Number of protein chains: 2
Amino acid sequence: MTIKEVSEKYNISQDTLRYYERVGMIPPVTRTSGGIRDYQEADLSWVELAICMRSAGLPVEAMIEYVRLYQEGDQTIPARLQLLVDQKEALLEQKRQIDTTLERLNYKISRYEKAIETGKLTWEKDACK
Amino acid sequence: MTIKEVSEKYNISQDTLRYYERVGMIPPVTRTSGGIRDYQEADLSWVELAICMRSAGLPVEAMIEYVRLYQEGDQTIPARLQLLVDQKEALLEQKRQIDTTLERLNYKISRYEKAIETGKLTWEKDACK
DNA sequence: ACTTGACTTGGAGTGAACTCTAAGGATTAC
DNA sequence: GTAATCCTTAGAGTTCACTCCAAGTCAAGT
């Protein structure tokens with residue numbers, strides 16, 4: 001699979017795909033004899049994983065570290081586990097923060113809806129609350 | 001309340017507080033006769049709101065727009081409501097993405113735990129999956 | 001009055017994650 | 001075989017959200 005096809009499949013730019021490989025966020029991609037990237041199943045799995053982690057907001061640095069450990073072999077399995085657990089914790093915390101903000105947004109939205117419905121404001125100050 | 005006190009209360013740098021005001025993410029803060037920031041209740045509410053939105057990952061730009069609309073008066077209430085609804089949608093989407101990634105992390109974590117427990121790998125390839 | 005420490009502004013610098021450019025090599029279509 | 005298109009790399013540029021700096025002003029203590 002060429003870089004163009006992969007870029008279309010995952011809706012991510014070719015530049016980003018090359019960037020991910022260059023910084024080590026995915027291991028080196030299989031090449032043709034001419035040196036052109038020819039993504040295999042395994043390469044695609046890494047791309048998919050990278051996109052998944054990034055779209056949840058996890059840092060590139062964490063993926064780089066994971067790939068580095070992975071390439072060092074089985075003795076890094078405990079370290080990899082720890083890394084994954086840390087990232088999981090970060091995501092759970094991020095989710096809690098989102099829930100807090102959603103509650104606030106919902107409160108404000110309901111107030112604005114009531115204001116529009118009744119044709120007037122149902123509060124005086126504190127519109128920022 | 002001085003900028004120092006606010007910075008300590010919310011655990012955010014004074015630079016960031018000034019930055020938020022400068023870019024319009026919060027309305028201009030009350031000043032003393034000498035021109036020094038003296039945060040009142042209303043100013044603090046805005047700061048709190050800004051911190052809440054930012055810590056959920058919402059863009060600074062969205063808050064700037066909200067504040068701009070707010071300062072224009074009541075006729076922007078429908079626009080403000082729309083903005084809030086859009087941001088809520090963005091957060092819900094972000095949450096879905098986090099859940100997807102959490103599932104994947106949990107799967108990998110359980111596999112690594114089993115690998116460590118049994119002292120050997122329970123899978124051959126696909127460590128990236 | 002003077003020192004000390006906190007505050008002010010405008011503007012420059014930083015780190016993360018892309019994104020683009022230039023110069024050139026590889027592949028496919030005719 | 002050659003034109004068109006896609007690919008390659010190295011490195012520069014961009015955007016976002018701060019973060020830091022310089023030069024100067026303000027406020028509290030002695």
Side-chain angles (χ1 to χ4, degrees), chain A residues 1-40 43 46-47 49-68 87 90-91 94 97-98 101, chain B residues 1-40 43-44 46-47 49-68 87 90-91 94 97 101:
Chain A
M1 213 172 189
T2 69
I3 196 168
K4 186 174 196 223
E5 287 162 346
V6 177
S7 124
E8 278 158 4
K9 180 172 165 72
Y10 294 111
N11 204 32
I12 178 181
S13 80
Q14 299 180 30
D15 272 322
T16 301
L17 282 166
R18 281 187 283 254
Y19 166 74
Y20 282 177
E21 185 178 355
R22 180 154 49 88
V23 300
M25 207 172 142
I26 58 175
V29 169
T30 312
R31 305 295 180 112
T32 65
S33 54
I36 288 177
R37 287 176 184 81
D38 181 21
Y39 291 80
Q40 304 300 310
D43 299 315
W46 279 108
V47 168
L49 177 63
I51 291 170
C52 182
M53 298 297 138
R54 282 299 302 134
S55 60
L58 290 180
V60 164
E61 196 48 56
M63 259 310 277
I64 293 174
E65 177 68 4
Y66 182 77
V67 169
R68 199 183 62 70
Q87 297 311 310
L91 283 191
Q94 180 62 15
Q97 191 54 61
I98 286 176
T101 304
Chain B
M1 213 171 189
T2 68
I3 196 167
K4 187 177 196 217
E5 287 162 346
V6 177
S7 124
E8 279 159 3
K9 180 172 163 73
Y10 294 110
N11 203 33
I12 179 181
S13 81
Q14 299 181 30
D15 271 322
T16 300
L17 282 167
R18 281 187 283 255
Y19 166 75
Y20 282 177
E21 186 178 354
R22 179 154 50 89
V23 300
M25 208 173 140
I26 59 175
V29 169
T30 311
R31 305 296 180 113
T32 64
S33 54
I36 289 177
R37 288 176 184 82
D38 182 21
Y39 291 80
Q40 304 299 308
D43 300 315
L44 292 179
W46 280 107
V47 168
L49 177 63
I51 291 171
C52 182
M53 299 297 138
R54 282 298 302 134
S55 59
L58 290 180
V60 164
E61 196 48 55
M63 260 309 278
I64 292 174
E65 177 68 3
Y66 181 76
V67 169
R68 199 184 61 70
Q87 297 311 309
L91 283 190
Q94 180 62 15
Q97 192 53 61
T101 304

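Keep in mind the model is a prediction, meaning the values are calculated, not measured. Convention: sequence-line order gives letters A, B, ...; per-chain numbering from 1.
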- salt bridge (charged side-chain N to carboxylate O under 4.0 Å, His left out) filter on Asp15(A), not counting sequence neighbours, yields Arg18(A)
- Query: For Thr101(A), what residues pass the side-chain hydrogen bond (donor to acceptor under 3.5 Å, both in side chains) criterion, not counting sequence neighbours?
  - Reply: none
- Asp38(B) CG to dT8(C) C1', in whole Å, measures 15 Å
- Query: To the nearest angstrom, how far is Met63(B) atom CE from dA17(D) atom C1'?
  - Reply: 15 Å
- Note on the structure: Expected string for nucleotides 16-21 of chain C under the B/S/- scheme (protein heavy atoms, under 4.0 Å, primed atoms plus P, OP1, OP2 as sugar-phosphate) is -BBBB-
- Item | Length of the CE-P vector between Met1(A) and dC6(D), whole Å | 16 Å
- Partners meeting side-chain hydrogen bond (donor to acceptor under 3.5 Å, both in side chains) with Ser7(A) (sequence neighbours left out): none
- Proximity to the side chain of Ile3(B) - top-ranked nucleotide from dC7(D), dT8(C), dT9(D): dT8(C)
- Note on the structure: Angle separating the five-pair end axes of the helix from dA1(C)-dT30(D) to dC30(C)-dG1(D), nearest 10°, is 10°
- Note on the structure: Residues passing the side chain to side chain contact (heavy atoms under 4.5 Å, CB included) test with Ile36(A), sequence neighbours excluded, are Thr32(A)
- Side-chain contact, heavy-atom cut-off 4.5 Å: Lys9(B) with Met1(B)? yes
- Task: Measure the CD1-OH distance between Ile64(B) and Tyr20(B) for me, rounded to the nearest 0.5 Å.
- Result: 10.5 Å
- With Glu8(A) via side-chain hydrogen bond (donor to acceptor under 3.5 Å, both in side chains) - residues at least two apart: none
- Message: So if I define the base as every atom that isn't primed, P, OP1 or OP2, how would nucleotides 24-30 of chain D read as a B/S/- string at a heavy-atom cutoff under 4.0 Å?
- Response: --SS---
- Task: Report the residues that fulfil side chain to side chain contact (heavy atoms under 4.5 Å, CB included) with Ser55(B), sequence neighbours left out, ordered by chain and then residue number.
- Result: Gln97(A)
- Task: Nearest whole angstrom, please: distance from the C1' of dT4(C) to the NZ of Lys4(B).
- Result: 13 Å
- Item | Distance in angstrom units between Glu21(A) CD and dT8(D) C1', rounded | 11 Å
- Note on the structure: Quick note, salt bridge (Lys or Arg N to Asp or Glu O under 4.0 Å) partners involving residues 24-35 of chain B, not counting sequence neighbours, are Glu21(B)-Arg31(B)
- Look at all strands and tell whether Arg37(B) reaches a base, only sugar-phosphate, or nothing, counting heavy atoms closer than 4.0 Å. sugar-phosphate
- Considering residues at least two apart in sequence or located in another chain, which fulfil the side chain to side chain contact (heavy atoms under 4.5 Å, CB included) criterion with Ser33(A)? none
- Query: Got a sec, which residues hit side-chain hydrogen bond (donor to acceptor under 3.5 Å, both in side chains) with Tyr10(A), two or more places apart in sequence or on another chain?
  - Reply: Glu48(A)
